[in-house]
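Below is one structure, written out as C-alpha cells, with a few remarks after it.
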There are 4 protein chains.
Amino acid sequence: MTQPSPLFDPETARGRLLASAARLFRDKGYAATTVRDIAAALGIQSGSLFHHFRTKEDILHAVMETVITAMLDDLTDQLAQAQTPREAVRALIAIELAYLHGPASDATSVLFHDWRALSDDRRTALLQGRNAYFALWDQTLATARSAGLTTIEPEILRQFLHGALAWTSFWYRPDRPLSREALTERALSLVLGSP
Amino acid sequence: MTQPSPLFDPETARGRLLASAARLFRDKGYAATTVRDIAAALGIQSGSLFHHFRTKEDILHAVMETVITAMLDDLTDQLAQAQTPREAVRALIAIELAYLHGPASDATSVLFHDWRALSDDRRTALLQGRNAYFALWDQTLATARSAGLTTIEPEILRQFLHGALAWTSFWYRPDRPLSREALTERALSLVLGSP
Amino acid sequence: MTQPSPLFDPETARGRLLASAARLFRDKGYAATTVRDIAAALGIQSGSLFHHFRTKEDILHAVMETVITAMLDDLTDQLAQAQTPREAVRALIAIELAYLHGPASDATSVLFHDWRALSDDRRTALLQGRNAYFALWDQTLATARSAGLTTIEPEILRQFLHGALAWTSFWYRPDRPLSREALTERALSLVLGSP
Amino acid sequence: MTQPSPLFDPETARGRLLASAARLFRDKGYAATTVRDIAAALGIQSGSLFHHFRTKEDILHAVMETVITAMLDDLTDQLAQAQTPREAVRALIAIELAYLHGPASDATSVLFHDWRALSDDRRTALLQGRNAYFALWDQTLATARSAGLTTIEPEILRQFLHGALAWTSFWYRPDRPLSREALTERALSLVLGSP
DNA sequence: AATGAATGAGGGTTCATTCAT
DNA sequence: CATGAATGAACCCTCATTCAT
C-alpha cells in the first residue's frame, strides 16, 4: 500500500515550520492564516519565521512544491509497477488518496484548494510540475479507454476523478468505518465500473 | 434545459452589490477580497456598502443563502418531473451544472469553495438548507441503486459526484466545444455507466 | 523683502500633514521619522495618514516638490526685477535664505539635506525642477563674472554659494542678533566682495 | 600636499569594519544602513559585528571620533607651518578638502552630514573635539581679518566656508578635470579674493 | 572570533468599520 | 442613501541585538 513518509522532516526547524503552516493553511485558508498563527503553533516569535522563509508566500510555495514533487515521484514509481490498465487506474486513485489522507494530507489539501493564493508567477512555475503529473493521468486513462474500460474522454475523466478525490478532503476521515482501501475501490468502480 | 434567471436582481442596489461581491469572491477568495474592491466594482465608496450590509461577512452569507435556497427550489421542481431513476440522477447533475456555469456561476462557486470563510455560527445555520438539498441527492441515488444502476453507497456516490461537478468550476468553460448538455451526459455515464 | 507665505495650506488636512512631516523630517531625518511620529504630531492615528498619501515616501516627495516649484517661481519673479548683476546675485541669496529661514524652512531643509532618501525614480523626476532652478543661478553668476564681479567659474561658484547657504540651516537662527538681511549682505560680500 | 593615510587600518578586522561602515553610511545614510549591510560588505554574519562593537551607534561614533581626532591633529600641524595669514587660510581649506576627497572621504562625509544620527549624549561628547577644531578656524580667520584680507566676522565666515566645502562632497569628484589643488585655490579666492 | 537561530519591539501599510456631514 | 475622513486593530515584515554552540 502506498504509505508516504512525512513530507516534512520533523527533525529540522524548517520541516516543522512547513508542517505547521500546512495544517493552518488547510484549516483556515492561506489568506486567513497569519504569520503569528504559524509562529504560535511552533512556539516561536513571528519574526523568527523570516530566518527560514523570506515571505509568507514563500512558505506556501515550499509546501506546494514539496507535495508536487513527491506526488510525481510516487506516481511514476507506482505506474511502473502496474500490470494492467485497471491496476494503473487504481494506482492513480490510491496515490491521490494516500496523499490526501495520509501523513501529507495537510499539504495536499492546501495544494488542491489554495492554488488561487499563489501569485501569478509562482503559480505558473509550479504548473510545470502539475502538468507532468496530470500528463501521466491522461496517458493512463487513455490506455484504459483503449482497453474498453470507459467511454469518457481522458481529459474529462481526469477532471471528474480528480475533483471527486480532491473533494474527499472535505468529508472523508481515515478513522471512519470506511478504510482507505475500501474508498479506493469505490472510486475505481466509479470510473471503470465493477469488474 | 434548466436555466436559472439571474440570482440577484440587477434592478436593485442590493442585487448588484451581491452579484459584484460574488464575482470577486469567486475570483480572489473571500479573505483576499476587500470591501473596497467590492465598492470599486460598484462605483461607490466603501463606507456606503454598510448601508446595505452590516458586515462583510453578511455579504458572503447573503450570497450563499440565496444560492442555497434557489438550488433547493429548482431541484425539488426538477425531481418532481423526472420519470425514471436515470432521469432523476440526470436532474441532479443538470441543476448543479446549470448553477455552476449559468448566470449563478459566481455565487455557486463561492458557496462550494469558500465555505470555510464563514464563521461557525453562520456555517451551522446554512448547513440546514444544504442538508435538505443533499437529502434529495441521497434519496435519488438510493433509488438508482435499488434499480441496479450503481453499486456504490448513496452517501459516498453523492460526495464523489458532488466533488466531480464542483471541480468543473476550475476547468470547464461554457464557451468550450463541449456543451453543458454534453458535459451532463459525461457525468451521467460516470455515475451510472452508459445505458 | 522676499517673504513667502506658508508653503502648505494650514486650512487643509493635507497641508497640515505636510507641514508636520517636514518639521519632523528636518529634525530627525526622513529615515528616522516614523509614520506614527507624523500621526502623533497631528493628533491622529497612523493609519489615517494613508487616506492622504499612499506611502511615506509620497509625503517626502510632496514636501520636496512643493518647495522646488515655489522656489523656482519666486526666483523667476525676483530675477526679473533685478536691475544690476549685483542685485541679481543678491536675489539668489535672498530667496535661498528666505526659504531656509522663513515659513518654509522645514521643507527647504528637507529638500537640501534629505535628497538621498528619495528613491531613484523620484529623485530623477524632481531633478528636472532643480536643474531649472540652478540654470538660473548659473546664468546670473555668469553675468556677474562678465561684469568683473568675480573670477570664479559660475558652476563652481554656484556650488560654493549654495553649500554655504544650505549650511546656514545648521547654525543660523532668525531670532539671533544677526538679521536675515545682514546675513544676506555677508553672503553677498563673500561672493562678490564688498562694493 | 596634505595626504592623509587611510584612517582605518586595513590590516585589522576593526579597521576594515569601520571603513566598510563609513562607506555605507555615506552612501545610504546611517539610519538606512542595516547592520546586515555592513556585515555583508565584510563577508561575515551580522551577529559577528557585535564582537567588535556593542551597538550600531558605537560604530558610527568610532567613525566620527576617528576623523575628528585625525583632522585636529593634521590641522594643528599644518597651521604651525603656515607663514602668512593667507597660507593659514589655505591650510584650513586644503585639509578639509583632503579629508573630504582623499582616503578618508567616506568617514568625513559621514561626520559632516550624519551628525543628527548620533544620540544626544554622544553628540555632546564629540562636540568637544569639533569645537577645538573650529576654534583653530576662528583664530585663523580672525587673524586674516585683522590683516585686512576679509571684512566678514570670523564665526560667520567660518560657517560659510565650512558649508561651501562640506557641500563639495555632493558634487566634486577627484577624477574631474578640476584638481583638488585648483579647487583649493577657488575656495581661497572665494574667501579672501584674488591676491 | 564567528555562527546562525532566535528575540521582541517596532516598522510601513491594510482593512473592516464608524459617523458627522 | 452616499460620502470620505477617521479609527484602531491587525497585518507582513525588518531590524538591532543576544547567545548557545
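Here is how names work: the chains are called A, B, and so on, in the same order as the sequence lines, proteins then strands, and each is numbered from 1.
- Between the side chains of D:Asp37 and D:Thr34, at least one donor N or O sits under 3.5 Å from an acceptor N or O.
- In this structure, the side chains of B:Phe112 and B:Leu100 come closer than 4.5 Å at one or more pairs of heavy atoms.
- Between B:Tyr30 atom OH and E:dA16 atom P there is a gap of 8 Å when expressed in whole angstrom units.
- Residue pairs meeting the side chain to side chain donor-acceptor pair (under 3.5 Å) criterion with at least one partner in residues 6-18 of chain A, sequence neighbours excluded, are absent.
- Applying the 3.5 Å distance criterion, the base of E:dG10 shares no donor-acceptor pair with the side chain of C:Arg36.
- A perpendicular orientation is assigned to the rings of D:Phe25 and D:Tyr30, their planes being inclined by more than 60° (bins at 30° and 60°).
- Contact annotation: the side chain of B:Val63 approaches that of B:Phe8 to within less than 4.5 Å [non-hydrogen atoms, C-beta and beyond].
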For Watson-Crick and G-U wobble pairs within 3.5 Å on both distances, what is DNA chain E written in dot-bracket notation, | included for inter-strand pairing?
.||||||||||||||||||||
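- Put simply, the side chain of B:Thr108 gets close to the backbone of B:Tyr99: a donor and an acceptor are under 3.5 Å apart.
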Residues C:Leu49, C:Leu42; criterion side-chain contact (heavy atoms from CB on, under 4.5 Å); working and verdict:
CA-CA 10 Å; C:Leu49 288 181; C:Leu42 294 165; 4.1 Å; yes
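- Think of the region where chain D sits on DNA chain F: with heavy atoms and a 4.0 Å cut, that region ends 5' and 3' at F:dC15 to F:dT18.
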Nucleotide N/O to protein N/O under 3.5 Å, stretch nucleotides 1-3 of chain E:
| unit_1 | atom_1 | unit_2 | atom_2 | d |
| --- | --- | --- | --- | --- |
| E:dA2 | OP2 | D:His52 | NE2 | 2.9 |
| E:dA2 | N7 | D:His51 | NE2 | 2.7 |
| E:dT3 | OP2 | D:Gln45 | N | 3.0 |
| E:dT3 | OP2 | D:Ser48 | OG | 2.9 |

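- Note on B:Thr33: only backbone sugar-phosphate atoms sit closer than 4.0 angstrom, heavy atoms only; bases stay farther off.
- Rounding to the nearest 0.5 Å places CZ of C:Arg116 at 8.5 Å from CG of D:Asp27.
- Where B:Glu57 and C:Asp37 meet DNA chain E, the nucleotide closest to each residue was compared, and C:Asp37 sits on the side nearer the 5' end.
- Residues that satisfy the side chain to side chain contact (heavy atoms under 4.5 Å, CB included) test with C:Ala125, not counting sequence neighbours, are absent from this structure.
- Shown here are the side-chain hydrogen bond (donor to acceptor under 3.5 Å, both in side chains) partners of C:Arg130, two or more places apart in sequence or in another chain: there are none.
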